[in-house]
Undergrad: 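What follows is a single structure, and I will ask about it in a moment.
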2 protein chains.
Amino acid sequence: MARSTITQWHMFKAVVDFGGFNQAAERIHKSPSSVHNAVQKLEQQLGVDLFKMQGRKLVLTASGAHLLRRINYLLHEVERMEHVASNMQVGIESSLRIAVDEAFPKEPLYQALSNVSEEFPLIRVEVLETILSGADELLEQGKADVSLSPFTLSENLSEDICTVKFVLVAGAGHHLSKAKLPLTLEDLKAHRQIVLRDSALNKQTNYGWLGADQRWTVSHIASSIELIRRGLGYAWLPQHAVAPFLEDGSLKALNLSRGAVRSTNFYLNFTDGELLGPVTRSFLGQIRYLTLN
Amino acid sequence: MARSTITQWHMFKAVVDFGGFNQAAERIHKSPSSVHNAVQKLEQQLGVDLFKMQGRKLVLTASGAHLLRRINYLLHEVERMEHVASNMQVGIESSLRIAVDEAFPKEPLYQALSNVSEEFPLIRVEVLETILSGADELLEQGKADVSLSPFTLSENLSEDICTVKFVLVAGAGHHLSKAKLPLTLEDLKAHRQIVLRDSALNKQTNYGWLGADQRWTVSHIASSIELIRRGLGYAWLPQHAVAPFLEDGSLKALNLSRGAVRSTNFYLNFTDGELLGPVTRSFLGQIRYLTLN
DNA sequence: TTATTCATTCTATTTTTTAGAATGAAACAT
DNA sequence: ATGTTTCATTCTAAAAAATAGAATGAATAA
């Protein structure tokens, strides 16, 4: 079966990285003979000449160069495995609860969660989808570790995380979509607006900046899109949520005379940083990084 | 850095595979204490409990189960690396020369070559594209190790490899494409046929089953398609080569009264099997397998 | 030339791995 | 119940492997 050892790989790599047996030996705090022995044994176990001498200079053979690539990869994988193992022992958090506003873009969130559970494979992830102040409510009630919401918190730590563009949309067959001229607020007031209900139990703010005479209130972005695609009204919705429908033509972005696009800042909220476990810290790092651009 | 060893992984895996320390010890021809020691050391080096006892039954912990997956993967990768290494030493062929008829489907060929060079990473691959007897000529002249051609060989070994369908095609704007009724051979004779020139220097067979009065002869399928798309004639061409153009409508399959589709068998030809090196053997295995369906 | 910097080998020492015997606990058979 | 078997587990001594240190010789640099 497997004849080579990880230590041999390390030494082989070291010889290449530091340009010689003696240099490698010094850098990895081993004797030259140890390094030489290990590499020599690796060579005979693999049945491959890894190095050849050109004068006094050590040069990788073609085989050696190729095996080095594979071995580097293996070493990297081993390191990952052991790192994961080191984060698996009892004592660390076993769950990560995230309250996230529905208007927050899902891609970076899911990517971040995927990366975190790569690092902490035994973690249980809970994603609590909320609207408006619902995310922060859950955080304050201790039902979530982190919230991604459009509001900052007074009690806890908040930081800017990203900006979400809201566009005014209506169904392709809607009267507003057929208007030639830019729309005014008055035009909008004459039609039904679909509004998102705040999911917090305490407060009652609603998404929707216009005081339309008729309004329907729904609990989910998906429901809002459903209604609008059926031509039952218009709404402000996150661009990323309606992009595919704008693409296939079932929704139209309305041409407002002033401010057809609005932006909302989203914030990353969490309780005291000192008390955070490694899982939450890792998640924070990931989501910060992934929402950078 | 890396603290665990491959031997430890093997023993860990063995304990799981064979359901206990003692059984594992017996199966891998080690003493129970060796196995136990190795796994115990692995546990403390990773800082993870791999097993727990339920009565006298050994059960993987959740961490153990996850690490086993990663370790299995690692063991598999190590094996691959060592297998590749074992095929890399001097003495084995360093090149693989394949003469292949242009009408032969490229996908399985390229896939087979990709798999072979995965196994023998230092190999130099030469693909010699030929028409008709050209492939076998190269094989007989010793300029190729394997040929994929529409002919069998008398001197060397041949085996069926796959069947290629030829369809009669013309450009979308061509007279023949516009015919309502099925075409007859007489209809075809009235138009220009594009024929493929045999790439062998000795022989002079040409692809094209019909004795058209006018004929143009070209050296490559790509040229033939070019001409036909421009409406300059018709030709018998491999279905897989013209499929994309039939799809986009720039070529039309002609509706012949009898035999609008013809099939040609392709053969895998090579010299004496005893003398084949491991690289050629591997390629033969791959191409056989990939053309099975 | 001389000195230096290497790879490489040899030998002794230290460390690690292994086997064998022994112990105790749980499951099974009678 | 009772004895037997099948385990994991530990201990100790032997075997094997890794390591260091000194030494050699070859190639380069001063």
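Protein chains get the first letters and strands the later ones, always in sequence-line order, with residue 1 at the start of each.
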Undergrad: Which one, C:dC6, D:dA20, C:dA19, comes nearest to the side chain of B:Ser31?
TA: C:dA19
Undergrad: Taking the nucleotide of DNA chain D with the nearest heavy atom to each, does A:Ser33 or B:Pro32 sit closer to the 5' end?
TA: B:Pro32
Undergrad: Any Lys/Arg nitrogen of B:Glu119 or B:Arg281 sitting under 4.0 Å from an Asp/Glu carboxylate oxygen of the other?
TA: no
Undergrad: Choose from D:dT9, D:dT19, C:dA7 the nucleotide whose nearest atom is closest to any side-chain atom of A:Asn37.
TA: D:dT19
Undergrad: Please tell me whether A:Phe283 and A:Phe120 form a close aromatic pair, meaning their ring centres lie under 6.0 Å apart.
TA: no
Undergrad: Could you state the CD-P distance from A:Gln23 to C:dT5, rounded to the nearest angstrom?
TA: 11 Å
Undergrad: Within less than 4.0 Å of OP1 or OP2 of D:dA8, is there a side-chain N or O belonging to B:His36?
TA: no
Undergrad: Are A:Lys57 and C:dT5 close enough that a side-chain N or O sits under 4.0 Å from OP1 or OP2?
TA: no
Undergrad: Does B:Glu77 form a side chain to side chain contact (heavy atoms under 4.5 Å, CB included) with A:Tyr73? I'd like the steps, not just the answer.
TA: CA-CA 10 Å; B:Glu77 284 302 298; A:Tyr73 169 74; 3.8 Å; yes
Undergrad: Tell me whether the side-chain N/O atoms of A:Ser34 come closer than 4.0 Å to OP1 or OP2 in D:dA20.
TA: yes
Undergrad: What nucleotide, of C:dA7, D:dC7, C:dT18, holds the atom closest to the side chain of B:Lys30?
TA: C:dT18
Undergrad: Rounded to whole angstroms, how far apart are CD on A:Glu26 and P on C:dA7?
TA: 12 Å
Undergrad: Counting side-chain heavy atoms from C-beta on, which of D:dT9, D:dA18, C:dA7 comes nearest to B:Met53?
TA: D:dT9
Undergrad: Would you kindly give the CZ-to-P distance between B:Phe18 and D:dC7, to the nearest whole Å?
TA: 14 Å
Undergrad: Round to the nearest Å and state the distance from B:Met11 atom CE to D:dA8 atom P.
TA: 14 Å
Undergrad: For the pair made of CZ in B:Phe51 and C1' in D:dT9, what is the distance, rounded to whole Å?
TA: 14 Å
Undergrad: Tell me the interatomic distance from A:Lys41, atom NZ, to D:dT19, atom P, rounded to whole angstroms.
TA: 10 Å
Undergrad: Fit a plane to each ring of B:His36 and B:Phe21, take the angle between them on a 0 to 90° scale, and name the class: parallel (under 30°), tilted (30 to 60°) or perpendicular (over 60°).
TA: tilted
Undergrad: Round to the nearest Å and state the distance from B:Glu43 atom CD to D:dA8 atom P.
TA: 13 Å
Undergrad: Between CZ of A:Arg80 and CG of B:Leu74, what distance do you get to the nearest 0.5 Å?
TA: 9.5 Å
Undergrad: From CZ of A:Arg27 over to P of C:dC6, roughly how many Å is that when rounded to an integer?
TA: 13 Å
Undergrad: Select base, sugar-phosphate, or nothing to describe what B:Lys52 touches, counting heavy atoms under 4.0 Å on all strands.
TA: nothing
Undergrad: Taking only N and O in the side chain of A:Gln40, is any of them less than 4.0 Å away from OP1 or OP2 of C:dT8?
TA: no
